[in-house]
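For reference, the structure is listed below as structure tokens.
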Amino acid sequence: MATDRYGNTLHGCTPEGAAHLDRAVEALLFFRAEVAPAVEDALAASPGSPDAQAFAAYLGVLGTEHTGAAAARERFGRYLAGRDTTALPARERLHLAAAEACLAGDLHGAGDLLEELSLAHPRDALALFAGHQLDFLTGDAVRLRDRIGGALSAWGRADEHRGPLLGMYAFGLEESGHYGRAEEAGLAAVERHPRDVWAVHAVTHTYEMQGRVAEGVAFLDGRAEDWARGNYLTVHNWWHYALYALEAGVEETALRVYDAAVHHEESAGLAMELLDAAALLWRLRLAGREEPDRWARLADAWAGRADPPFYAFNDAHAVMAYVGAGRIAEAEALVADRRRWLAEGEGDGARRTLSNHVMTAEVGLPVCEALVAHGRGDHGAVVELLWPVRRRLQVFGGSHAQRDAVQRTLLESALAAGEHDRARLLLSERDGLRPDSPYNWLGRARLADAIGDAALAAVARERAADAAKGLRPTAPGLGPVAASPPL
């Protein structure tokens with residue numbers, strides 16, 4: 001019987017199918033586009049392989065594309081029809097159960113099953129990767145860290161794929177607040193494999209969360225040939241570059257990156273790319289900069305998708321796009337649709353087990369409603385909606401850096417609504433984490449203006465300007481790569 005490169009026995013798999021699976025897993029670990037054709041090759045060579053079938057199912061879900069999930073669900077259903085899986089080895093039964101849970105919308109249950117699989121088979125790289133991505137989609141920072149940390153001891157230091165495991169571990173460490181250890185693990189992963197774009201992404205997050213913008217830009221500039229094109233994280237890592245530009249006060253650089261790499265005429269229109277575009281423009285909007293033409297194109301892209309209830313995190317960014325484009329009616333229609341969907345499931349116990357139902361009910365809907373209120377200028381309603389959920393935003397997925405767009409929305413509305421005590425508290429929380437952030441200093445200046453302390457406002461603005469200058473590794477732009485970001 002065939003085995004994979006990690007020593008796992010592959011039931012119902014030919015040697016040719018096993019070779020394709022090895023190729024697919026390697027592409028997956030490094031976010032290379034050949035992962036999908038490699039899985040198709042594995043299925044063609046070994047259509048009865050549970051590993052290959054589960055792999056295809058995971059790909060259908062992890063991109064958060066409802067059309068991809070529907071197609072994967074149909075194919076997986078055909079595979080299971082009339083098939084007795086009870087005699088399969090435990091590892092592959094768990095893969096099939098996890099894949100079925102994913103396709104049914106139970107992302108949390110699928111994560112549990114993959115954790116059980118990894119307990120006995122810590123060298124199943126597919127299970128670790130799929131589980132890690134599910135932890136990200138469900139906002140489970142502790143499991144994002146510990147799922148990989150618990151398996152690392154089974155991977156020898158000489159093992160070729162210990163590197164991408166370290167990159168995953170680095171991201172889990174960062175999301176759970178262990179920034180020094182995250183940077184160490186991420187840099188070790190990049191040293192092993194310079195084109196490990198998930199590890200590059202993890203290190204980039206550590207600099208972002210600590211406000212180490214100059215170091216972050218230098219890190220990305222020095223490795224641009226490894227991450228800036230040709231992989232599934234290209235757009236997202238460019239988005240991080242643009243965030244550095246915004247923090248340093250170089251808005252034109254951020255927009256240059258947006259137009260060249262984040263959203264443009266040749267963009268694929270994938271949800272994960274569109275949400276990065278919305279999150280970037282939304283930060284600019286909060287800073288008082290309107291971009292009507294860019295917003296209009298982005299709103300059109302979201303509207304063309306006509307997404308049903310599938311992933312609440314995507315919904316929030318679609319609403320950002322509609323609000324940013326001034327298309328409040330479309331934002332309200334999306335919110336109303338999600339509210340109806342929740343109401344229809346009130347008596348349906350099965351629906352309440354769906355991860356997106358929990359995400360939408362607990363966080364997604366209040367966030368969407370708050371974004372619409374922000375578009376109307378009803379800042380009191382924004383505060384009322386976001387204040388109760390501000391410490392639970394992880395429930396609807398994403399990273400700390402991504403969710404900060406919502407946290408900033410709350411702060412901006414607290415300032416606009418004259419909620420001075422809340423604004424002071426929010427700024428104090430941010431200061432404790434990033435004391436040198438120009439954005440935080442500007443917030444302090446605006447709060448000082450509101451309470452009539454002109455002297456404090458002047459000092460805060462001076463500190464903001466000084467902090468921004470200190471974040472720029474080059475002038476007048478940001479870094480050398482951003483001067484002409486490649487597509």
Side-chain angles (χ1 to χ4, degrees), residues 170-171 174-175 179 182-183 186-187 190 197-229 231 233-263 273 275-287 289 291 294 398-405 407-408 430-431 433-443 463-487:
F171 186 52
E174 177 274 319
E175 285 297 292
Y179 301 130
E183 181 182 359
L187 290 175
V190 173
V197 291
W198 190 253
V200 169
H201 161 261
V203 175
T204 302
H205 266 271
T206 68
Y207 295 142
E208 159 72 17
M209 296 307 295
Q210 297 172 87
R212 295 163 60 190
V213 170
E215 291 173 81
V217 171
F219 174 75
L220 290 177
D221 279 339
R223 293 162 176 79
E225 291 304 312
D226 296 324
W227 65 264
R229 58 171 65 82
N231 60 79
L233 277 185
T234 294
V235 170
H236 187 65
N237 279 332
W238 271 113
W239 175 79
H240 276 286
Y241 202 115
L243 289 193
Y244 287 149
L246 290 183
E247 185 69 6
V250 193
E251 293 180 355
E252 293 307 320
T253 296
L255 286 171
R256 189 162 58 246
V257 170
Y258 179 93
D259 291 337
V262 177
H263 188 65
E273 297 182 357
L275 69 85
D276 281 342
L280 183 56
L281 290 185
W282 188 260
R283 283 168 169 80
L284 284 162
R285 184 178 186 275
L286 291 177
R289 180 159 184 161
E291 296 293 334
R294 291 181 175 91
S399 66
H400 293 301
Q402 289 175 309
R403 295 188 297 265
D404 194 48
Q407 300 286 8
R408 290 186 182 213
R430 297 181 72 89
D431 289 343
L433 297 174
R434 295 176 64 170
D436 297 322
S437 166
Y439 174 80
N440 294 348
W441 279 108
L442 288 173
R463 289 292 300 273
D466 289 344
K469 290 177 184 176
L471 298 181
R472 303 179 195 176
T474 60
L478 194 67
V481 174
S484 182
L487 291 174

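These numbers come from the heavy atoms of this one structure, side chains and all, not from hydrogens, waters or symmetry mates.
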Pairwise distance CG(D276) to CG(L281) - rounded to 0.5 angstrom: 11.0 Å

Check V235 against A261 and note the closest heavy-atom contact, atom names and distance. CG2-O, 3.4 Å

State, with a plain yes or no, whether a side-chain heavy atom of D466 is found less than 4.5 Å away from one of W441. no

Value for CG (N440) from CZ (R408), rounded to nearest 0.5 Å, stands at 7.5 Å

Non-hydrogen atoms of A254 and A245 that approach each other most closely: N-CB, 3.8 Å

Applying side chain to side chain contact (heavy atoms under 4.5 Å, CB included) to Q402 and L275, what does each step give before you reach the verdict? CA-CA 9 Å; Q402 289 175 309; L275 69 85; 3.6 Å; yes

Which residues pass the ring-ring contact (aromatic ring centres under 6.0 Å, His included) test with H263, not counting sequence neighbours? none

Please examine the side chains of S399 and H205, heavy atoms only from C-beta on, and report whether any two atoms are closer than 4.5 Å. yes

For the CG atom of N231 and the NE2 atom of H236, what is their distance to the nearest 0.5 Å? 11.5 Å

Nearest non-hydrogen partners of A242 and V257, listed with the distance: CB-CG1, 4.1 Å

For W227, which residues count as a side-chain hydrogen bond (donor to acceptor under 3.5 Å, both in side chains) partner, sequence neighbours excluded? none

For the pair W238 (side chain) and R229 (backbone), establish whether a donor and an acceptor sit closer than 3.5 Å, ignoring hydrogens and angles. no

What I want to find out is whether E291 reaches R289 closely enough, with some N-O distance under 4.0 Å, to be called a salt bridge. yes

Are side-chain heavy atoms of V200 and D226 found at a separation under 4.5 Å? no

Salt-bridge present (R212, E183; N to O < 4.0 Å): yes

CG on L280 to CZ on R294, rounded to 0.5 Å: 9.5 Å

Among all residues two or more places apart in sequence or in another chain, which pass the salt bridge (charged side-chain N to carboxylate O under 4.0 Å, His left out) test with R434? E208, E247

Heavy-atom closest contact (V190 atom, A199 atom, distance): CG2-CB, 3.8 Å

Taking E175 for its side chain and H400 for its backbone only, find out whether a donor-acceptor pair lies under 3.5 Å. yes

CG/L246 to OG1/T253 distance, rounded to the nearest 0.5 angstrom? 9.5 Å

Are side-chain heavy atoms of D404 and R430 found at a separation under 4.5 Å? yes

Heavy-atom distance under 4.5 Å between the side chains of Y207 and V213, does that happen here? no

Heavy-atom closest contact (T206 atom, A182 atom, distance): CG2-CB, 3.6 Å

How many angstroms lie between atom CG of L233 and atom CD of E273, to the nearest 0.5 angstrom? 10.0 Å

Within-4.5 Å side-chain heavy-atom neighbours: E251 and L284: yes

Can you check whether Y241 reaches T204 side chain to side chain, under 4.5 Å on heavy atoms? no

Assign the ring pair H201 / H240 to parallel, tilted or perpendicular, where the plane angle (0 to 90°) is split at 30° and 60°. perpendicular

Taking C-beta and beyond as the side chain, do E174 and V203 meet within less than 4.5 Å on heavy atoms? no

If I compare all heavy atoms of G186 with all of A170, which pair ends up nearest, and what's the gap? N-CB, 3.4 Å

